[in-house]
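Presented below is the structure to which this report refers.
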Amino acid sequence: MDATVKYLLDETRIPKDWYNIVADLPRAPDPALHPGTLQPIGPADLAPIFPMDLILQEVSTERHVAIPEPVREIYRQWRPSPLVRARRLEKALDTPARIYFKYEGVSAAGSHKLNTAVAQAFYNREAGIRRLSTETGAGQWGSSLAYAGALFGLEVRVFMVKSSFHQKPYRKGLMETWGATCIASPSNQTEAGRRVLAEHPDTSGSLGIAISEAVEIAAQNADTNYALGSVLNHVLLHQTIIGQEAIEQFALADDYPDILVGCTGGGSNFAGLVFPFLGAQLRGGRRVKAIACEPAACPTLTRGPFAYDFGDTGHLTPLVRMHTLGSAFIPPGFHAGGLRYHGMAPLVSLVQELGLIESRAFKQTPCFEAGVQFSRNEGILPAPEANHAIRAVIDEALRCKEEGVSRAILFNLSGHGHFDMQAYIDYFAGKLEDRSYDEADLQAALAELPKVAA
Ligand SMILES: *Cc1c(COP(=O)(O)O)cnc(C)c1O
């Protein structure tokens with residue numbers, strides 16, 4: 001192996017702690033509010049659906065949170081993930097830029113989501129929980145939690161957005177292989193699902209509806225908790241293993257990134273890569289330019305106001321202050337199922353408000369074009385979500401060429417796209433449409449934002 005191309009860490013150097021950016025931010029995050037009283041919630045309000053260890057991580061202000069040894073032990077199955085220099089892509093672009101990617105597709109589930117699934121399953125089992133319920137869009141989170149449940153002996157029930165349930169039978173097959181149950185949402189197993197079905201029997205479902213179903217099951221059963229694959233502070237915390245490893249790997253490469261890039265659905269893979277570097281910057285280290293890449297059809301960071309909103313359609317979850325398109329917003333169809341959420345992680349929203357990151361929105365066709373160009377040079381077939389990051393990376397690399405400057409660009413290759421081949425097939429057949437959201441639908445969803453003085 002050519003050590004100038006790939007930077008592998010010894011597995012004994014898997015970080016011992018997760019990094020909490022709250023300790024280094026110039027201001028505290030806004031509190032989450034109770035959906036009924038609109039007053040700040042306390043740990044007890046979340047106890048019916050989350051274990052106390054995760055609730056305490058959610059509100060922690062400590063810079064470091066120790067990774068439990070049983071979790072680190074499982075991380076060794078695929079971590080440290082490789083940091084790769086994309087030399088062939090650099091050559092194809094004829095750019096002086098140094099392009100690196102951190103490859104999270106090496107996990108069993110094929111994406112970064114297993115980093116938090118394993119941690120969440122561990123803490124739930126420690127708390128005596130027997131069953132986890134969750135939602136999934138494209139299926140990456142559902143399959144990650146299914147495997148984590150298998151590792152810790154937990155039953156897992158996944159509500160999968162109905163359109164994906166029918167379009168992606170292989171993800172369901174993977175969940176079932178790992179012992180989980182996968183149900184099309186909306187379903188008639190919950191009050192929230194029955195209510196939607198009564199009004200819209202032919203609905204294709206949405207993440208917001210599936211979350212309502214999963215939360216309802218958890219709230220009603222003492223032995224069942226809910227697990228979320230993105231957005232929340234503790235999820236972002238668990239993903240910081242990515243950026244911390246990257247910092248060590250860059251030291252091995254004797255380099256340091258000038259530009260960091262990640263795609264953003266709920267914000268977890270982006271934060272996982274970027275927050276440890278931002279932390280170093282906030283403590284007096286080198287400045288980095290960080291770019292969050294989102295779909296133009298669901299432009300949370302570039303179009304959504306920074307406002308209090310519900311996390312779900314059924315309004316069962318607490319309100320959090322975030323960039324949001326409104327909980328009633330349902331984006332038009334596009335292939336990056338992991339980027340369809342109406343909101344954005346409160347911490348990613350806050351770092352944008354603080355001017356620490358910037359965001360860009362991309363239509364899907366140019367993203368697939370970038371993903372294919374990447375694949376033809378580096379071999380790996382990226383998840384459609386990650387193609388948004390690759391689009392921005394190629395744009396930045398071409399800018400380096402124009403300006404005649406060599407910058408180091410690092411992006412998070414959040415997962416592989418082996419279960420998304422239909423999207424690639426549609427792209428090659430010229431069937432991919434760049435559908436735009438309806439401006440009137442967006443305005444209607446924004447008009448329904450809860451009235452809370454921020
Ligand atoms: C879920 C997913 C995303 C989007 O979620 P984030 O929380 O924003 O990271 C991106 N890429 C892949 C491969 C995913 O599975």
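Whatever order the structure lists ligands and atoms in, that order sets their numbers, starting from 1.
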Would one find an N or O of F270, backbone or side chain, under 3.5 Å from an N or O of ligand 1? no

Ligand 1 to S414, heavy atom cutoff 4.0 Å, flagged ligand atoms 10 (C), 11 (N), 12 (C), 13 (C)

Looking only at distances, please establish whether an N/O atom of ligand 1 is found under 3.5 Å from an N/O atom of G266. yes

Please assess F310 against H315 for the test ring pair (Phe, Tyr, Trp, His ring centres under 6.0 Å), listing each intermediate value before the final yes or no. CA-CA 6 Å; F310 294 96; H315 297 180; 3.9 Å; yes

Going by an N to O cut-off under 4.0 Å, is there a salt bridge joining E396 and K289? yes

May I ask which of G338, G417, G229 has a heavy atom nearer to atom 4 (C) of ligand 1 than the others do? G338

Assess R340 against F334: is NZ or CZ under 6.0 Å from the centre of the six-membered ring, and within 45 degrees of the ring's axis? yes

Please could you name the atoms of ligand 1 that E385 approaches to less than 4.0 Å, counting only its heavy atoms? 10 (C), 11 (N)

Taking only non-hydrogen atoms of H112, do any sit less than 4.0 angstrom from ligand 1? yes

Mind checking whether H238 and W18 have parallel, tilted or perpendicular rings, split at 30° and 60°? tilted

Do F250 and Y100 have their ring centres less than 6.0 Å from each other? yes

Atom indices of ligand 1, in the order listed, that fall short of 4.0 Å to a heavy atom of G415: 13 (C)

For ligand 1, note which part of K113 has a heavy atom under 4.0 Å away: side chain, backbone, both or neither. side chain

Tell me if the aromatic rings of F275 and Y19 count as close, with their centers under 6.0 Å from one another. no

Has G267 got any heavy atom lying under 4.0 angstrom from an atom of ligand 1? yes

For S230, the atoms of ligand 1 under 4.0 Å from one of its heavy atoms are 6 (P), 7 (O)

Within ligand 1, which atoms have a heavy atom of T264 less than 4.0 Å away? 8 (O)

Less than 6.0 Å separating the ring centroids of H323 and F306? yes

Between F329 and H342 (judged by ring centroids, cut-off 6.0 Å), do the two rings come close enough to count as a pair? no

